[in-house]
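Everything on this sheet refers to the single structure shown next.
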There are 2 protein chains.
Amino acid sequence: MTVATIRELARLADVSVATVSRVFNNPEVVNQETREHVLRVAADLGYQPNESARTLATKKSHMVGLIWDTDHRRPGWRHPFLQEILIGLKTALSARGYHLLLLATSGSEIPGPDIYSRAVTRHNLDGVVFIDNGRQDPALHHLAASGVPCVSLDRPVSGPRATYVISDNAGGARSAVAHLYARGHGSIATITGPATTRPGAERLAGYREQLAALGLPYRAELVVDGDFYLAGGQAAMCRLLDLDERPRAVFVAGDEMAVGALRAITEAGLKVPEDIALVGYDDIELAALVRPGLTTVAQDKAGFGTSAAAALVAMIDGTAGEAPPPTVLPTRLVVRDST
Amino acid sequence: MTVATIRELARLADVSVATVSRVFNNPEVVNQETREHVLRVAADLGYQPNESARTLATKKSHMVGLIWDTDHRRPGWRHPFLQEILIGLKTALSARGYHLLLLATSGSEIPGPDIYSRAVTRHNLDGVVFIDNGRQDPALHHLAASGVPCVSLDRPVSGPRATYVISDNAGGARSAVAHLYARGHGSIATITGPATTRPGAERLAGYREQLAALGLPYRAELVVDGDFYLAGGQAAMCRLLDLDERPRAVFVAGDEMAVGALRAITEAGLKVPEDIALVGYDDIELAALVRPGLTTVAQDKAGFGTSAAAALVAMIDGTAGEAPPPTVLPTRLVVRDST
DNA sequence: CGGTTTCATGTAACCGGTTTCATGGACGCT
DNA sequence: AGCGTCCATGAAACCGGTTACATGAAACCG
């Protein structure tokens, strides 16, 4: 059961190791007959080139590091689409011959700003994908600055060979507000995400932009803060319901909050969309399942993964001379029954 | 920015490469002064041992392959807990110094039963974790038979160094049925998962066992097939509602189906739990968010990851002489408002 | 026909670690 | 002093690939 090495294969095929190597890496330079013969013997032998040896010789591991910090003592923002992102990443990277190495950060390592860079050099990683955890991990800067091809999801970053993929939060928010306006609403409230998070801040900005574009006034009392969680949305909605002049339309910056808002409205004995129209954000699974179905701004979930993979591979292969521009994923308004 | 090699470090520390190597791998055999001196120089230099070189020399990669097939052309069962499993795996493996390599299976590879084993030999993987996709991938057998340390999640497997982690599906189902009985129901229906999947089959078995234990008759018309998806659950529930004698209690073998069932019931103008009591299975996030909150059988989600990691490392380190026995994770009944 | 290209292939150094075995000094014992 | 142990260390082979360079045969050319 010992694995065949390139030397054995060379001996059996009666060629030199260089020729065998060329058969696999540079097939066009070797004579067709020789090539086919070597491939045949290789198949018989079940030969598998040893990746560690290749990596050692070439400095290319064909592996991309995935940084997805999950320190449970300091819980970060739990990404709602991890699975979709992973599928997108894996599929797109696979097609280009790369594997994903999920970097372990604890272990016996001494943590520090260079924790990721260290892992990169140790494993000769060809690039890195960073999934934001909302915790402002300073190690990302160090990594991006080090010149390793690096793509960050949901969080801007700059560096010689770094770029990022982000959803068009402001655009999505604008489309939500425009949709409510088109449904005949002139007074549109919003429940925001935390201002410290990028999606929270940008969606609020988009809301304001669209109000301005429509010539609607911005009224501070129609803006209440949420936290991206259900209970927060419910509480925020209660505050809106208590206003003297109850809003008839609300843009909620996250679906989970929107479901909370829906609940608050229902419990107040009001109806969606007759009394109050609601637009959410994210298009989580739940959005399609609640009653009434939630109109919401959908993100291109798999797009995160595939775009990241494409950008990364472009940098690795040098197809993109320098860092490619950030990818801004378009959003799509999914109209259901809540508006 | 060239990385330091062991030879440079040896030269600067004025020792041999063998000594440097020992400082990192066998610290106890080297004189304390020498050791500290070498470590100091190493830190100054920012020395990072090259993992490919180590792997080449030792045949140990300190990497564990993760097989999580996501072929979208033939969609398998989408695991509800991927994120939790990954967190558990990553944390437990990190602590023991292992990384997770997400294996790409497409690429230019010719697929075949040995697709995973090939990846294992190429990368010198120390072990493999297999996440079931409900697709009966035959390659798993080949892998387990090959003698690579291998842990399968949710799906039994046997091999010289293979074991699996599974939830106590039958036990969970029994507790669900017992709970409904305790709530005063004597006629309990069930909506099953596909009989070809292990969770589907075992939860049905548990249902029957508990009926028997309670002295209740098993009635075939009260058992309808679902597919673990929402629409399937809804359809199945409709069939149950059409029965002459409508059941007052239903054990649904998956939460997503249970939500579908909930919807069917609501649409029929009936109320949960007053008219029909419902117990789900899995405790997905959604279960807590629907109205009424779904009583359900919760699995030890992170336990999948941590148990798998523990079993795998035991096999790798040889702590477990042969394959350790399967791990059966206990379930926990979470009572909410649907019963 | 000698000289230059071109093509296919082989030789051997190299990538950066680990590990076996040899070596030599310090120590303890008779 | 002579001998055997123990301890710390070094020299060099080895892991399994890649690749720069050398080689030799065939093709081409004036």
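Lettering follows sequence order; numbering is per chain, from 1.
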Options C:dT18, D:dT18, D:dG17, nucleotide nearest the side-chain atoms of B:Thr58
C:dT18

Provide, to the nearest angstrom, the distance between the CG atom belonging to A:Asn124 and the C1' atom belonging to D:dG17.
14 Å

Nearest to the side chain of A:Ile6, which nucleotide is it out of D:dA8, D:dT18, C:dG17?
D:dT18

By nearest heavy atom, map A:Gln32 and A:Arg7 onto DNA chain C; which one lands nearer the 5' end?
A:Gln32

Return whichever of A:Val17 or B:Val30 has its heavy-atom-nearest nucleotide of DNA chain D closer to the 5' end.
B:Val30

Base, sugar-phosphate or nothing for B:Thr55? Non-hydrogen atoms, less than 4.0 Å.
nothing

Quick one: do B:His123 and A:Ser52 satisfy side-chain hydrogen bond (donor to acceptor under 3.5 Å, both in side chains)? Show the steps, please.
CA-CA 6 Å; B:His123 292 94; A:Ser52 303; over 6 Å; no

Is a side-chain donor or acceptor of A:Thr34 paired with a backbone partner of A:Val30 at a separation under 3.5 angstrom?
no

B:Asn26 atom CG is separated from C:dT20 atom C1', nearest whole Å, by 13 Å

Round to a whole Å and report the spacing from NE2 of A:His37 to P of C:dT9.
12 Å

Touch check for A:Ser52, heavy atoms < 4.0 angstrom, all strands: base, sugar-phosphate only, or nothing?
nothing

Quick one: which of C:dT19, C:dG16, D:dG16 gets closest to the side chain of A:Asn50?
D:dG16

Please pick, from D:dG17, C:dT18, C:dG17, the nucleotide with the shortest atom-to-atom distance to any side-chain atom of B:Asn25.
C:dT18

Within less than 4.0 Å of OP1 or OP2 of C:dG16, is there a side-chain N or O belonging to B:Thr5?
no

Is any NZ, NE, NH1 or NH2 atom of the basic residue among B:Arg54 and B:Glu51 found under 4.0 Å from an Asp or Glu carboxylate oxygen of the other?
yes

Quick one: sort the A:His62 and A:Tyr98 rings into parallel, tilted or perpendicular, breaks at 30° and 60°.
tilted

Parallel, tilted or perpendicular: which describes the rings of B:Tyr47 and B:Phe24, with under 30° parallel and over 60° perpendicular?
tilted

Just call it for A:Val15: base, sugar-phosphate, or nothing, with non-hydrogen atoms closer than 4.0 Å on any strand.
sugar-phosphate

Look at B:Ser21 and C:dG17 and indicate whether a side-chain polar atom (N or O) is within less than 4.0 Å of OP1 or OP2.
no

For atom CG of A:Leu9 and atom P of D:dG17, their distance in whole Å
9 Å

Between B:Thr34 and D:dT9, is there a side-chain N or O to OP1/OP2 distance below 4.0 Å?
yes

Identified pairing partner of D:dA27, criterion: Watson-Crick or G-U wobble below 3.5 Å
C:dT4

What contact category does A:Phe24 fall into here, base, sugar-phosphate, or nothing, at under 4.0 angstrom with non-hydrogen atoms?
nothing

Whole angstrom value for the distance that separates P of C:dT6 from CD of A:Glu28
17 Å

B:Ser16, nearest nucleotide to its side chain (from D:dG10, C:dT9, C:dT18):
D:dG10

Does B:Arg22 or B:Ala53 map to a spot on DNA chain C nearer the 5' end, using the closest nucleotide for each?
B:Ala53

Nucleotide nearest A:Lys59 when distance is taken to its side chain, options C:dT19, C:dG17, C:dG16:
C:dG16

Between C:dG10 (P) and A:Asn31 (CG): distance, integer Å:
11 Å

Out of D:dG10, C:dG17, D:dG16, which nucleotide sits closest to the side chain of A:Ala57?
D:dG16

Whole-Å distance, A:Arg54 CZ to C:dG16 P, equals 17 Å

Please report the distance, rounded to the nearest Å, between CZ in B:Arg122 and P in D:dC15.
20 Å

Using a distance-only test with no angle check, is there a side-chain donor-acceptor pair under 3.5 angstrom linking B:Ser16 and B:Thr19?
yes

What orientation do B:Phe304 and B:Phe81 show, parallel under 30°, tilted 30 to 60°, or perpendicular over 60°?
tilted

Under 4.0 angstrom, heavy atoms only, what part of the nucleic acid is B:Thr19 near: base, sugar-phosphate, or nothing?
sugar-phosphate

Given that both distances must come in under 3.5 Å, which nucleotide forms a Watson-Crick or G-U wobble pair with C:dG10?
D:dC21

